[in-house]
Number of protein chains: 2
Amino acid sequence: MTDHKPGPNPLFLREEDLRQAIELLFFAYRDFTSEADAMLARNGFGRAHHRVIYFVGRHPMISVSALLDILRITKQSLSRVLGQLIREGFIIQHKGATDRRQRLLELTDKGLEIERQLTEAQRQRIARAYRETGGEAVQGFRSVLLGIMDPPDRNRFSRRGDT
Amino acid sequence: MTDHKPGPNPLFLREEDLRQAIELLFFAYRDFTSEADAMLARNGFGRAHHRVIYFVGRHPMISVSALLDILRITKQSLSRVLGQLIREGFIIQHKGATDRRQRLLELTDKGLEIERQLTEAQRQRIARAYRETGGEAVQGFRSVLLGIMDPPDRNRFSRRGDT
DNA sequence: GATAATATGTCAACAAACCTGACGTATATT
DNA sequence: AATATACGTCAGGTTTGTTGACATATTATC
């Protein structure tokens, strides 16, 4: 049933390597989000909600514009999802102390709880992969992904212990 | 403007590592698809079209069900996108030789050309990251991503040279 | 050879999550 | 006082996914 071997078209050895990388990202990302997606669907949420919950949890008191900068979506798109999360009590807004135009976002206890549940499957998946492959592979994984992303966001990943 | 340091909440050192991995995947994937997305938008296509074009190009004469198995979407979703690509002459169907129920898919010359253009930016991005990080890092990248994905698809990535 | 299973397609209705464009308000900056 | 920024919102549109039902051609099975 349904055969598809690794495929022809290997113009260069290099070409095959690059295509494998493209596919590794596709399959890994697809599976990486699968458990959380299922959990979200049960709660009437989507992946967009998870992203908002995740990054608000990661950066408590983040401003709306900083969040937009991470997500790279329009404020109208964010507004729909964020408004829902606020109305349902997962996130609260605080007026900025220094700049009162800002609406700083924070998870409520309810928000923290769902964040933990949602991200748990992903953490376990990563932890398992890290455990199976070892520290050297982890360093390679990190540095290649850093190389793939655009420079501006690379400095979010400082080398450790800088809180 | 807009400050968000790496963030608080480091319950464990380990926890921070796992969260960084989650974010590496998010940022890398977001940027990885950005150029192709822009090019697709200019042609009136979306990311779904790219995925179909990519995997048909990768596996010439793939059956519809095998493609569905890769993409993990419903046949109705695929049908819309695939039908469009067929009508516009990017993909052609052939009746299966052994099983005449199958519609085996193949890129036309036009399809091959757009595939090349679309994937080019991604290939360059990967190539650059691979060049910058070196072979050892690449091995780590590969093995961690393999560890992250669910086992069933791992054997798509055999070690090399098996066509 | 009738029956069941498989591979594919299609119609219809719906939802999630994006988008653009326009406009409004509060606050800060110059 | 004028301009810019941070945020919100209304309105309408697209892409990409979903479920459910049903149809057709072909293959496999009893």
Side-chain angles (χ1 to χ4, degrees), chain A residues 1-4 26 30 33-34 36-53 56 61-87 91-105, chain B residues 1-4 29-30 33-34 36-54 56 61-88 91-105:
Chain A
M1 153 179 301
T2 70
D3 62 310
H4 27 74
F26 172 75
R30 185 197 63 181
T33 57
S34 62
D37 284 351
M39 196 181 309
L40 286 157
R42 269 177 260 131
N43 286 61
F45 289 148
R47 198 180 294 179
H49 298 85
H50 189 189
R51 288 195 287 255
V52 171
I53 288 171
V56 170
M61 302 301 272
I62 191 176
S63 71
V64 172
S65 60
L67 185 54
L68 284 173
D69 202 53
I70 288 176
L71 299 176
R72 300 269 177 87
I73 58 176
T74 60
K75 61 178 176 176
Q76 295 93 326
S77 288
L78 175 57
S79 175
R80 201 178 339 104
V81 175
L82 181 56
Q84 214 177 327
L85 291 171
I86 290 168
R87 276 194 305 278
I91 289 178
I92 43 171
Q93 290 179 316
H94 307 275
K95 283 201 176 179
T98 61
D99 185 337
R100 287 161 41 94
R101 290 172 303 181
Q102 296 184 327
R103 298 300 133 86
L104 306 181
L105 307 172
Chain B
M1 153 177 301
T2 70
D3 63 310
H4 26 72
Y29 202 81
R30 184 197 64 181
T33 57
S34 62
D37 284 351
M39 195 181 308
L40 287 157
R42 269 177 262 129
N43 286 61
F45 289 148
R47 198 180 293 180
H49 298 85
H50 188 190
R51 287 195 288 256
V52 171
I53 288 170
Y54 179 85
V56 171
M61 301 302 272
I62 191 175
S63 70
V64 172
S65 59
L67 185 54
L68 284 173
D69 201 53
I70 289 177
L71 299 175
R72 300 270 177 88
I73 58 176
T74 59
K75 62 176 176 176
Q76 294 92 327
S77 287
L78 174 58
S79 176
R80 207 177 327 112
V81 175
L82 181 56
Q84 214 177 328
L85 291 170
I86 291 169
R87 276 193 305 279
E88 300 187 23
I91 289 179
I92 44 171
Q93 290 178 318
H94 307 274
K95 283 200 177 180
T98 61
D99 185 339
R100 286 161 41 95
R101 291 171 302 181
Q102 296 185 326
R103 298 298 133 86
L104 305 180
L105 307 172

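Just so we're on the same page: letters track the sequence lines, and every chain starts at 1. Atoms considered below: every heavy atom in the structure, side chains included; atoms not considered: hydrogens, waters and symmetry mates.
Separating the CZ atom of R47(B) from the P atom of dA17(C) is a distance of 14 Å, rounded to the nearest angstrom. Here the P atom of nucleotide dG17(D) and the CZ atom of R30(A) are 13 Å apart, to the nearest Å. Computed from coordinates, the Q102(B) CD to dA28(D) P distance equals 10 Å when rounded to whole Å. The nearest whole Å value for the distance from the CZ atom in R87(B) to the P atom in dG9(C) is 12 Å. In this structure, L68(B) atom CG and dT10(C) atom P are separated by 14 Å, rounded to whole Å. When rounded to the nearest whole Å, the span between CG of L104(B) and P of dA25(D) equals 19 Å. Distance I73(B) CD1 to dT19(D) P: 12 Å, rounded to the nearest Å. Straight-line distance from the CG atom of D69(A) to the P atom of dT5(D): 15 Å, rounded to whole Å.
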Donor-acceptor pairs under 3.5 angstrom involving side-chain atoms of residues 91-98 of chain B: please list them, not counting sequence neighbours.
residue, atom, partner, partner atom, Å
H94(B), NE2, E106(B), OE1, 2.7

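With rounding to the nearest 0.5 angstrom, the CD atom of E88(B) is 7.5 Å from the NE2 atom of H49(B).
Take R47(B) and apply the salt bridge (charged side-chain N to carboxylate O under 4.0 Å, His left out) test, not counting sequence neighbours, and it matches D37(B). Under the side-chain contact (heavy atoms from CB on, under 4.5 Å) criterion, R42(B) pairs with A38(B), M39(B), not counting sequence neighbours. Remark: Y29(B) engages Y29(A) in a ring-ring contact (aromatic ring centres under 6.0 Å, His included) (not counting sequence neighbours). D99(B) meets the side chain to side chain donor-acceptor pair (under 3.5 Å) test with R101(B); sequence neighbours excluded. Legend: residues meeting salt bridge (charged side-chain N to carboxylate O under 4.0 Å, His left out) with R72(A), ordered by chain and number and at least two apart, are D153(A), D31(B). By the ring-ring contact (aromatic ring centres under 6.0 Å, His included) test, H50(A) is found to be paired with no residue, residues two or more places apart in sequence or in another chain being considered. Applying the salt bridge (charged side-chain N to carboxylate O under 4.0 Å, His left out) criterion to R80(B), with sequence neighbours excluded, gives no partner residue. Checked against side-chain contact (heavy atoms from CB on, under 4.5 Å), T74(A) has the following partners two or more places apart in sequence or in another chain: Q76(A), S77(A).
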Quiz item: Reading nucleotides 25-30 of chain C 5' to 3', which nucleotides get B (base under 4.0 Å from a protein heavy atom), which S (sugar-phosphate only), which -?
Solution: -BBS--
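One finds no side-chain N or O of S65(B) lying less than 4.0 angstrom from the OP1 or OP2 phosphate oxygen of dT6(C). Contact check, H49(B) against dT15(D): no side-chain N or O comes under 4.0 Å of OP1 or OP2. Regarding contacts with the backbone of dG17(D), a side-chain N or O of R51(B) is found under 4.0 angstrom from either OP1 or OP2.
Over its length, the helix from dG1(C)-dC30(D) to dT30(C)-dA1(D) turns its helix axis by 30°, as judged from the five terminal pairs at each end, rounded to 10°.
Minimum interatomic distance between Q84(B) and G44(B) (heavy atoms only, all atoms of both residues): NE2-O, 4.3 Å.
Contacts between residues 75-84 of chain A and DNA chain D, defined by a heavy-atom separation below 4.0 Å, involve K75(A), Q76(A), S79(A), listed by number.
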